[in-house]
Engineer: 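Structure provided below as structure tokens; questions to follow.
Excluded from the calculations below are hydrogen atoms, water molecules and symmetry mates; all remaining heavy atoms, backbone and side chain alike, are included.
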Amino acid sequence: MMNSRMKSYRIQAISVALTGLISLPLQAQVIPGRWEKVSALAVSSPITVELKDGDRIKGHYEGLSATAVMVVSHFSRAVIPKEDIETITIRPEDGVGDGAGIGAGVGFGIGAGIALGLILKHGGGEGALGALLLLGGVGAGVGAGLGAAGDAATRPLEIVRYEAP
């Protein structure tokens, strides 16, 4: 009897330990020194080059050689030697359209759910379909506004394309 109970405790302890290990956040990072990741960028995509002396150059990617990266900024064109670069990062473009769409869908569902609840409680009359569409439309409008505002408030994280070894 005691042996099977100990076996059960062992299995539970191992399961909890494995669950804890699996749930650790995984971080995919660029391998330092991988210059090829920069060459995959589209020409004129926005990049930020952080130099080893602490300076930052924001501009648009123009090209890459074996020893330097070409960047066009607002003021000039720069050829930055590879040995001076600490990191090269990109910021993915993110509009507010996806947040507005998700918010509109959720808002319509909530508005339509409230309308259906009222229709079921008070009986469906001639204006039931109109009430359903009205509350669904109002909910979609409010949800779209909230979704767009929430999406605009969150900025996407920069993606490191190159890191000096």
Side-chain angles (χ1 to χ4, degrees), residues 11-116 132-165:
I11 290 173
Q12 288 176 357
I14 290 172
S15 299
V16 168
L18 287 176
T19 303
L21 288 174
I22 290 171
S23 67
L24 288 175
L26 299 176
Q27 295 181 351
Q29 296 181 353
V30 69
I31 300 170
R34 292 294 303 262
W35 195 241
E36 300 83 31
K37 298 279 280 183
V38 181
S39 66
L41 291 173
V43 174
S44 73
S45 60
I47 65 170
T48 302
V49 179
E50 189 170 333
L51 302 176
K52 289 183 179 178
D53 64 4
D55 288 341
R56 282 185 152 199
I57 300 171
K58 290 187 177 189
H60 296 279
Y61 172 74
E62 187 175 88
L64 184 72
S65 71
T67 60
V69 63
M70 283 71 77
V71 178
V72 176
S73 68
H74 299 290
F75 305 110
S76 66
R77 175 174 289 155
V79 177
I80 305 167
K82 183 178 178 180
E83 62 265 3
D84 293 344
I85 298 173
E86 182 68 32
T87 60
I88 297 176
T89 57
I90 61 169
R91 181 176 298 277
E93 294 182 22
D94 182 31
V96 296
D98 53 346
I102 293 169
V106 170
F108 181 81
I110 291 172
I114 291 171
L116 284 174
L132 179 72
L133 292 176
L134 176 68
L135 286 175
V138 168
V142 170
L146 291 174
D151 197 13
T154 58
R155 297 176 56 188
L157 298 174
E158 289 186 338
I159 301 170
V160 177
R161 296 297 266 193
Y162 172 77
E163 184 176 359

Engineer: Would you list the pairs meeting side-chain hydrogen bond (donor to acceptor under 3.5 Å, both in side chains) in which at least one residue belongs to residues 61-79, sequence neighbours left out?
Structural biologist: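 Non-adjacent pairs meeting side-chain hydrogen bond (donor to acceptor under 3.5 Å, both in side chains): Glu62-Arg77.
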
Engineer: Mind checking the CG-NZ spacing from Asp84 to Lys82? Nearest 0.5 Å is all I need.
Structural biologist: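 Those atoms lie 12.5 Å apart.
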
Engineer: With rounding to the nearest 0.5 Å, note down the distance linking CD1 in Ile80 to CD1 in Ile85.
Structural biologist: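 CD1 of Ile85 is found 5.5 Å from CD1 of Ile80.
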
Engineer: Pairs in or reaching into residues 43-55: which pass salt bridge (Lys or Arg N to Asp or Glu O under 4.0 Å), with residues at least two apart or in two chains?
Structural biologist: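 Listed once each, the pairs are Glu50-Arg56.
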
Engineer: Please list all pairs passing the salt bridge (Lys or Arg N to Asp or Glu O under 4.0 Å) test where one or both residues lie in residues 95-111, with sequence neighbours left out.
Structural biologist: none

Engineer: For Gly59 and Val71, which heavy atoms make the closest approach, and how far apart are they?
Structural biologist: CA-CG1, 3.8 Å

Engineer: Would you name the heavy atoms of Pro81 and Ala68 that are closest together and state the gap between them?
Structural biologist: CA-CB, 4.1 Å

Engineer: With rounding to the nearest 0.5 angstrom, report the CD1 to CD1 distance, Ile47 to Ile57.
Structural biologist: 9.0 Å

Engineer: So how far is it from Leu132 CG to Ile114 CD1, rounded to the nearest 0.5 Å?
Structural biologist: 11.5 Å

Engineer: For the residue pair Ser45 and Leu41, what are the closest heavy atoms and their distance?
Structural biologist: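 Closest approach of Ser45 to Leu41: OG-CB, 4.0 Å.
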
